[in-house]
Amino acid sequence: MSKILQDLNPQQQEAVKAVDGPVIVFAGAGTGKTRTLTSRIAYMISERKIPPKQILAITFTKKATNEMRERIFKLVGPNAGEVFISTIHAFCASVLRKFIGLIGYKQNFEIIDDEDSVRVLTEIYKERNFDRKAFSPKAAHNIISAYKNGVMPIGGIVNTLFEAYQEYLFDHNLADFDDLLLLVNKLFTLHKEVLEFYQERFRYILVDEFQDTNMTQYEIIKTLGQKYQNVFVVGDDDQSIYSFRGAVVDNMYAFMKDFDNVILVKLTQNYRSSNALLLGANTLIANNVLREKKNLFSTVKGELSDVVVTESQYHEDEVRFVVNEIAYLIRGGVDPNKIAVLYRNNVVSRNFELAFVEARIPYLIYGGFSYLKRREIKDAISYLKFLLEPNNIFHFKRIINQPSRGIGEKTVEKITERCQMYQQSIFEAIDWLHANNPSNKTSALIEFKQLIEKLQKALEQMSLVDFFDYMLEQTGYLEMLAQEDFFESNRVENLEEFKSILYRFEATYGREGLSKKEILHMGFDEILLDETLSVDDKGKGGAVLSTVHSAKGLEFDYVFVVALEEGLFPALREDSDIEEERRVAYVAFTRAKKKIYLSCATTRLIYGRIVRNPKSRFLTEYLMGRKEQEKPEILKTEKLHSDESLRDFHVSDRIYHSTFGYGLVIAVDETTIQVLFERDKSIRKIKKDHPTLRKTLEE
DNA sequence: TATTCAGTCTTTTTT
DNA sequence: AGACTGAATA
Ligand SMILES: Nc1ncnc2c1ncn2[C@@H]1O[C@H](COP(=O)(O)OP(=O)(O)OP(=O)(O)O)[C@@H](O)[C@H]1O
């Protein structure tokens, strides 16, 4: 048997070997879906001699893309580089980069992120005097995006807004994230030649996390696969957590109908977690009605104490407990990269981040604010893009008064007016204004123009990295930051960090003899769709702080699921779907390999208000599968002794044990202690190194 | 145009 | 609590 198949079970092998024709792997968490998909690609290349160039693999995140490429590389070597692995968005961007001209956009179209979209909408609001109070531009963006993703219909004023928005994007040659998908779909529908080009190019298509594809994505995958029918998708209906973005689990069933002779493979053995952990996850998800019944099993038994339940009085206690516990694990030799703190809401990450810094525990944050979305980074990128395209009004508006040059809304309006009415370029308009109606404003504009021209020349003569410094200095951007609060000082650091990205651009694309302009264009395309890009990413890593959504597909030895309270997790808004909330919990709980900590706080500060929420139903549901006497005693974190980590027990100390509850130490020897437990008034011998044994404070 | 200050609203989740 | 807005003032 080939070495690729060796590490797979018979069902997984079946999925790997069925190279031709449509296949769906429908299976629960940790059953090796991704591993099967990866092995299948390796198998196709090394056993079936399929040219790697013909393979397209769609992952859910950029992180998953990188991971998959690495894994395939390990199996088949450098050939892996030729497989087209990407997120659907990045794939669409590459299609459009080639063919978007056919549907009226210019080839150098730009991809904009949410923040840019909101900017555009804000402008439209002002132009057309829309009422901000009815709903904010931000809300409008959410609605429009939901509409574009097929989540909700729109009408009336929102439709007007939507049309104005699309018109603006088209006129400015911009595409938002949703457009990437929609435009490709349009391209494939209107231009069969393009579709055929890609059908021939990618004869084998594989899709991970299929349960979270939306209608447009599915349409794209379906049409691409129509000709050769070699479409392989893997998914888990219980892990569909992106319905807010238009994901439709029913695509899994649609797939089985739309393609002929689909091979259905089910996997039931979970290789990630022990049965002790699986029991909870299985019981929890069984509360959902809308699902395929599955029963995952593991061959590893696990310990009752692998599930730790804690309750803290205040959220500060929760943070302190989690951070102490992680510090303890790391001291005990656990690799920080194998520890994760997962939460439903980004808000709670802040407290943890601060505590990690204080405790000097290295950490990484997934999800949350992307590095590229920071103001200073976006400004810098806008400067660079404007240098390449000095007639780009979009970037002009962003940078013209950054730092302040005394140019406000009114002046910008005058310029755009002339550009539109007389078909002038921005610089021509500036010259005209200065010649015909000179003022200190127009002088400032001329100065700006000269600055840009000077920078354009300099760019040709310097390395990108040196130029970047020069640019920040010449534009006065650095000085502007220096004058802001010192509190903002890490903006400067972020900009410093950006130089390493530029350095990479130059190293990757520089030697092919490309111009600076081309290098930057290619580089920006590469990073733009990479949400995971962050400042601390390339360091040695550390414990992971992540939303549950961003942790999908990942696994960690130790997982802390925090803020498990009604209203937060599950979120209880009028439009929330409790089954989806439960799936989010299921995803969270199934990330753990060795041990899981479920944590909630009685009292929490949110929006300056003190809220007291009961502990999450998911916590209860998770434990429901256990016999009464096997349910863990809840650890009240505020009772913990501050130096409990020393595990140095003495007679008359108070302790906590996950199975037996709280108790009093009555005798100590080398390796064990004797404890009188409060709950059942019995005396037990406990090993000192029992994993959940903790010293607590006096009563 | 820039700056300041009081009042308002926020948060689910992300490519 | 903190970010963000809009109106009032310099
Ligand atoms: N046949 C196998 N033998 C040993 N280990 C396996 C096998 N299949 C999968 N695994 C391991 O199980 C873990 C989970 O695999 P994988 O991430 O592929 O599962 P998944 O189904 O994609 O999970 P999820 O749906 O939660 O993302 C990984 O650590 C993987 O290496």
Side-chain angles (χ1 to χ4, degrees), chain A residues 58-65 86-93 111-115 117-118 122 125-126 132-133 135-139 141-142 145-146 148-149 151 175-182 209 212-214 216-217 239-247 315 342-351 366-370 372-373 375 400-401 403-413 439-441 444 487 528-533 546-552 563 567-577 580-581 583-585 587-588 604-611:
Chain A
I58 302 292
T59 59
F60 199 71
T61 60
K62 183 72 199 274
K63 201 185 311 139
T65 300
S86 90
T87 61
I88 187 99
H89 288 85
F91 167 73
C92 289
I111 302 162
I112 58 168
D113 64 17
D114 290 355
E115 197 237 295
S117 293
V118 174
T122 310
Y125 266 60
K126 283 201 187 117
R132 288 189 69 103
K133 284 189 199 100
F135 41 83
S136 63
K138 199 171 168 185
H141 173 248
N142 283 335
S145 177
K148 288 166 96 172
N149 280 294
V151 177
D176 67 17
F177 288 136
D178 306 324
D179 287 337
L180 295 177
L181 307 172
L182 294 167
E209 306 283 3
D212 275 323
T213 49
N214 70 20
T216 319
Q217 288 163 230
Q239 294 186 70
S240 174
I241 55 175
Y242 280 87
S243 71
F244 69 92
R245 213 171 81 187
H315 65 281
L342 305 181
Y343 33 82
R344 175 75 176 80
N345 296 76
N346 264 315
V347 237
V348 299
S349 73
R350 187 85 202 124
N351 296 325
Y366 294 168
F369 302 113
S370 147
L372 289 172
K373 285 193 177 137
R375 171 165 67 89
I400 181 61
N401 214 27
S404 167
R405 297 185 177 91
I407 308 296
E409 239 173 272
K410 285 273 153 359
T411 315
V412 171
E413 219 166 84
S439 67
N440 55 346
K441 302 256 181 280
F487 165 77
L528 228 127
L529 294 164
D530 188 354
E531 285 298 303
T532 56
L533 194 72
S546 174
T547 59
V548 180
H549 284 80
S550 300
K552 194 168 64 141
L568 283 175
F569 197 172
L572 295 176
R573 301 152 60 91
E574 44 321 337
D575 59 345
S576 38
D577 166 4
E580 174 134 335
E581 293 297 316
R583 288 192 291 273
V584 178
V587 170
R604 190 177 289 279
L605 204 64
I606 294 178
Y607 315 140
R609 283 170 175 281
I610 294 167
V611 276

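Letters A, B, ... are given to chains in the order of the sequence lines, protein chains preceding strands, and every chain is numbered from 1.
- Looking at heavy-atom distances under 4.0 Å, A:Phe569 makes no contact with the nucleic acid at all.
- In this structure, A:Leu572 atom CG and B:dT11 atom C1' are separated by 14 Å, rounded to whole Å.
- Atom P of nucleotide B:dT11 and atom NE2 of A:His141 are separated by 13 Å, given to the nearest angstrom.
- Using a 4.0 Å heavy-atom cutoff across all strands shown, A:Ser404 reaches sugar-phosphate atoms only and no base atom.
- Taking only side-chain atoms of A:Phe244, from C-beta outward, the nucleotide of B:dA2, B:dT13, B:dT11 with the closest atom is B:dT13.
- Here the nucleotide nearest the side chain of A:Tyr242, chosen from B:dT14, B:dT11, B:dT1, is B:dT14.
- Each of A:Thr547 and A:Val412 has a nearest nucleotide on DNA chain B; the 5'-most of these lies closest to A:Val412.
- As rounded to whole Å, 17 Å separates atom P of B:dT15 from atom NZ of A:Lys148.
- Applying the salt bridge (Lys or Arg N to Asp or Glu O under 4.0 Å) test to A:Asp179 and every residue at least two apart in sequence or in another chain returns A:Lys148.
- When the ring-ring contact (aromatic ring centres under 6.0 Å, His included) test is applied to A:His549, the partners found at least two apart in sequence or on another chain are A:Tyr242, A:Phe244.
- Atom pair A:Ile58:CD1 and B:dT15:C1' shows a separation of 12 Å (rounding to whole Å applied).
- Note on A:Thr61: every side-chain N or O is 4.0 Å or more away from OP1 and OP2 of B:dT14.
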Side chain to side chain contact (heavy atoms under 4.5 Å, CB included), that's the test. Do A:Thr547 and A:Tyr366 meet it? Break it down for me. CA-CA 7 Å; A:Thr547 59; A:Tyr366 294 168; over 6 Å; no
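- Candidate nucleotides B:dT13, B:dA2, B:dT11 were compared by shortest atom distance to the side chain of A:Lys138, and B:dT11 ranks first.
- Rounded to whole angstrom, the span from the CG atom of A:Asn401 across to the C1' atom of B:dT3 amounts to 13 Å.
- Between A:Asn346 and B:dT14, a side-chain N or O to OP1/OP2 separation shorter than 4.0 Å is present.
- For the residue pair A:Ser86 / A:Thr65, no side-chain donor-acceptor distance below 3.5 Å is found, with atom types taken as modelled.
- Atom-to-atom, CG of A:Asp114 to P of B:dT11 comes out at 12 Å; the value is rounded to the nearest Å.
- We find that CD1 of A:Ile407 is positioned 10 Å from C1' of B:dT1, with the value rounded to whole Å.
- Residue contacts shown for A:Thr411 are limited to sugar-phosphate atoms, with no base heavy atom under 4.0 Å away.
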Trace of the side chain to side chain contact (heavy atoms under 4.5 Å, CB included) decision for A:Val412 with A:Ile400: CA-CA 9 Å; A:Val412 171; A:Ile400 181 61; 4.0 Å; yes
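- Annotation: C:dG6 and B:dT11 have their P atoms spaced 16 Å apart (nearest Å).
- Across the protein-nucleic acid pair, A:Phe177 atom CZ and B:dT15 atom C1' stand 6 Å apart, rounded to whole Å.
- Taking 4.0 angstrom as the limit, A:Thr87 places none of its side-chain polar atoms (N or O) nearer than this to OP1 or OP2 of B:dT15.
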